[in-house]
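We name chains A, B, ... by the order of the sequence lines, and we start the count at 1 in each one.
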Amino acid sequence: MSLITAENLAKDYRTGEVTVHALRGVSFRIEPASFVSFVGPSGSGKTTILNIVGCLDKPSGGSLTVAGTDVTALDMKESARFRGNHIGFIFQDFNLIPVLTVHENVEYPLMMVQNVPERERRERIGTLLEAVGMADQRDKYPDQLSGGQKQRAAIARALVTNPRLVLADEPTANLDSATAYAVIDLMKRMRDERQTTFIFSTHDQKIVGEAEILFWLEDGALREVQEKGGRNHG
Amino acid sequence: MVNLFKMAVRNLLRYRRRTLLTASLITIGVVFVLVFLSVSGSFKAMMIGQITDSMLGHLQIHRQGYVASIDNLPLNLNLKPPEVRKVSEALDGMPGVETYSPRIKFGGMFSNFTETTNIRLNGIIPEREFKTVPLLPSRISEGKKTLVKGEMLLPALLARGMNVKVGDPVVVVATNQDGSVNGKQFIVAGILEGVTGPGGRDGYIHLDDAVETLRMREPEISEIAVRLKDFGRLSDVHNRLSGLLAGEKNPQGKPLFEVHTWEALSPFFNVARMIDVMTFFIKLMLIAIVLISIMNVMIMAVYERVREIGTMAAIGTLPGRILSLFLFEGFCLGILGAVVGCIAGSLLLWILNLSRVTFDFGQQKGLVLAVSLRPEDLLTISVTVILVSVAASLQPAWKASRMEPIEALRHV
Ligand SMILES: Nc1ncnc2c1ncn2[C@@H]1O[C@H](COP(=O)(O)OP(=O)(O)O)[C@@H](O)[C@H]1O
Ligand SMILES: [Mg+2]
């Protein structure tokens, strides 16, 4: 069964008299353990799609199932719970909590969102910090880290709850290209090791090639789907 | 380990100057209230002590209607011996009563053999009177601090006006209930400083001399002044005593006795009440200060951290948690202000006590202000400040917890 099934997703934004059709009937399926990217110019609807898939926003039309749940029917609190249990987030601006150390930032979802016992927390955080190469920075605060280090910590935070799905909206937009490649590579390695589905958006043509499945967006519509390894979806 | 408390404290430390400013504002408020409360409270207690212990006693018992006409010291409203016995029995059986003193009050003419004027006198049993109003001896500015039969304690104003000294002979002439006039000679044993309030300018003679001057066949008592073991239980004892004596009716079926606390007898009670009202408003001001400053700082805290709130909400933090985080911050600020304020206030009061500030009250000069801080005041003020701090954070915290994560994340 697909991890994500989207049928005819639409999203309209109404600002005063003007209505913006941010998504105009987008349909796609994403299988578990995929490494997917939504690509398109600025304003093409990437953020809108990721927000809807991430249960942060509701579509104006269409249906959406994530991990077997019809997420369009969830209320505010249920959405929060669903995100906490099934989805990891990586942000363009890293969004680490400034008053928490790297270790504590990674621990945050385990304590404040889920309720994981101490020993298991320590184990999971240790493993992840090791995996993202941040073990030696664990006691630093975000403002003592470089952009790449922050994003590594953020990846660890997104993965620590063992989510089915990690969403990353332009995760490399604030990084230089070498660091950007390293971050995307790290995400891919994490997918390989943990079978977590990663979906990221980008308008950066250089790192587009790193994705295994590419959804090309233009004006809120899916223009093309590209799959590395020859297969093409419609 | 991450927890809400740690996050709250670190966020407060993150904006150190602002936290310090807000906490100082609360601290100043707390110090101000503590000092005002203690100084006014101690002042009040001392004043009440002066009034009750130098003249009034804590409670007084009269025949029904006596207090209403106390200005003319009516002899026909005195208590007859069987009635006095009833009151004595009630008082002897009352656990909170330390001691009591019967008085015969009357007005008469006072003469130094060349001039004559009016005088108001209390006939007392000195040992009992001195135990009931223990500050009475301290009012005797000249002469000895005792009273025996044939002697008089003369009010200072009268002594000065009539040019009478300690040891001088004087004469008191009084009309008794039957209308016959009688005189008696006294030696001035001491000069008595006046105090504010009713009876504060009365002279004192021995009860037996009063009986003799008024030609009573047996002592008829005008009032019985009562001293309690614990002044704090005044209203309790008053209620029980009133209840006990209410059963005693006169032939017309009206209550025989009336029981008054000092509050009903001294005009200073209104001053004491004013002090309480002022204290109340000062407390209200503290609450306003805390409310406004905490609310202000928490609104700013929420506004500055919108994106952070968005992040927390996006990764699944439930609204209740976000609410608690900000409430904790207000709570910690309140604790900081309250604790520092209590320490600073106590210190200031301690210094105030060391410096021995003196003040005057009526004829009493150079009373040393001894402020004491009641632990329950410290506690109520701290608890109030902390509760108000949490309450003031409620609205901003609520707003933070209800934010839509995508809008919060878009915020710049
Ligand atoms: N909150 C909003 N209100 C109004 N219009 C919006 C809002 N969010 C996005 N849009 C519009 O929707 C379209 C798609 O935006 P978005 O999904 O952010 O694109 P991308 O992430 O690809 O740059 C754009 O035209 C944008 O202006
Ligand atoms: Mg975008």
Side-chain angles (χ1 to χ4, degrees), chain A residues 11 13 47-48 50-52 54-58 75-101 103-118 121-122 125 141-143 154 157-158 160-161 163 166-167 169, chain B residues 1-19 297-298 300-330 332-333 397-412:
Chain A
K11 180 74 184 176
Y13 289 110
T47 299
T48 305
L50 259 60
N51 283 343
I52 291 172
C55 292
L56 291 166
D57 205 354
K58 294 265 183 284
D75 67 18
M76 186 185 182
K77 220 167 171 175
E78 290 166 340
S79 301
R81 274 212 193 85
F82 186 84
R83 293 195 299 269
N85 289 328
H86 300 292
I87 306 176
F89 287 92
I90 296 168
F91 303 91
Q92 177 177 338
D93 301 310
F94 323 124
N95 292 19
L96 295 174
I97 295 168
V99 293
L100 300 181
T101 62
H103 179 95
E104 290 165 338
N105 261 291
V106 179
E107 192 180 29
Y108 179 95
L110 296 182
M111 287 206 66
M112 296 297 186
V113 181
Q114 299 188 346
N115 220 336
V116 179
E118 150 107 66
R121 285 203 306 268
R122 224 177 321 135
I125 298 164
Y141 285 91
D143 60 8
R157 177 178 68 182
V160 77
T161 54
V166 171
L167 294 170
D169 191 10
Chain B
M1 199 178 84
V2 195
N3 58 50
L4 288 175
F5 184 73
K6 195 192 246 177
M7 285 180 76
V9 170
R10 286 194 193 160
N11 273 313
L12 288 174
L13 291 174
R14 179 166 156 208
Y15 301 99
R16 194 159 303 161
R17 188 181 310 167
R18 193 172 71 198
T19 301
V297 90
M298 291 315 293
M300 272 164 70
V302 169
Y303 184 77
E304 281 163 347
R305 302 213 304 263
V306 170
R307 270 164 56 95
E308 223 173 294
I309 296 163
T311 308
M312 294 193 287
I315 62 182
T317 314
L318 291 178
R321 275 279 161 89
I322 296 174
L323 184 89
S324 318
L325 176 66
F326 285 94
L327 289 188
F328 258 112
E329 271 186 59
C332 292
L333 255 180
W398 174 259
K399 210 177 142 206
S401 72
R402 295 287 125 178
M403 277 179 190
E404 282 294 337
I406 33 170
E407 274 157 39
L409 282 169
R410 250 204 313 267
H411 193 269
V412 274

### Task
Could you please spell out the steps behind the side-chain contact (heavy atoms from CB on, under 4.5 Å) verdict for Met112(A) and Leu325(B)?
CA-CA 11 Å; Met112(A) 296 297 186; Leu325(B) 176 66; over 6 Å; no

### Task
For side-chain contact (heavy atoms from CB on, under 4.5 Å), just list the numbers for Leu100(A) and Lys6(B), CA-CA rounded to whole Å, side-chain angles, deciding distance to a tenth of an Å, and then say yes or no.
CA-CA 9 Å; Leu100(A) 300 181; Lys6(B) 195 192 246 177; 5.5 Å; no

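Along residues 78-86 of chain A, the residues that come nearer than 4.5 angstrom to chain B, judged on non-hydrogen atoms, are Ala80(A), Arg81(A), Arg83(A), Gly84(A) in order of number.
What you find for Ile315(B) and Arg157(A) is that their closest heavy atoms are CD1-CD, 4.2 Å. Residues Met403(B) and Met76(A) approach most closely at O-CE, 3.8 Å, considering heavy atoms. Across every non-hydrogen atom of Phe91(A) and Ala314(B), the tightest pair is CZ-CB, 4.0 Å. Across all non-hydrogen atoms, the minimal contact from Arg321(B) to Met111(A) is NH1-O, 3.3 Å.
Proximity to chain A (any heavy atom under 4.5 Å) is shown, for Ser324(B), by neither the backbone nor the side chain. In this structure, the portions of Leu4(B) lying under 4.5 Å from any heavy atom of chain A include both its backbone and its side chain. In this structure, chain B has a heavy atom under 4.5 Å from the side chain of Tyr141(A), while its backbone stays farther away. Neither the backbone nor the side chain of Ile87(A) comes within contact range of chain B, judged by heavy atoms closer than 4.5 Å. Heavy atoms closer than 4.5 Å to chain B are found in both the backbone and the side chain of Asn95(A).
The local environment of CZ in Phe5(B) is sparse, with at most 12 non-hydrogen atoms from other residues, nucleotides or ligands closer than 6.0 Å. For Lys58(A), the NZ atom sits in a packed shell: over 12 heavy atoms of surrounding residues, nucleotides or ligands are nearer than 6.0 Å.
Highest contact tally toward chain A, considering only Gly310(B), Gly316(B), Ala313(B), is held by Gly316(B) [criterion: heavy-atom pairs under 4.5 Å]. With chain A as partner, the option from Arg305(B), Arg402(B), Met312(B) having the largest number of non-hydrogen pairs under 4.5 angstrom is Met312(B).
Put simply, CG on Asp57(A) and CD1 on Ile406(B) are 3.5 Å apart, with the number rounded to the nearest 0.5 Å. Between atom OG1 of residue Thr47(A) and atom CG of residue Leu409(B) there is a gap of 11.0 Å, rounded to the nearest 0.5 Å.
Without hydrogens or angle criteria, Arg14(B) side chain to Val99(A) main chain gives no donor-acceptor distance under 3.5 Å.
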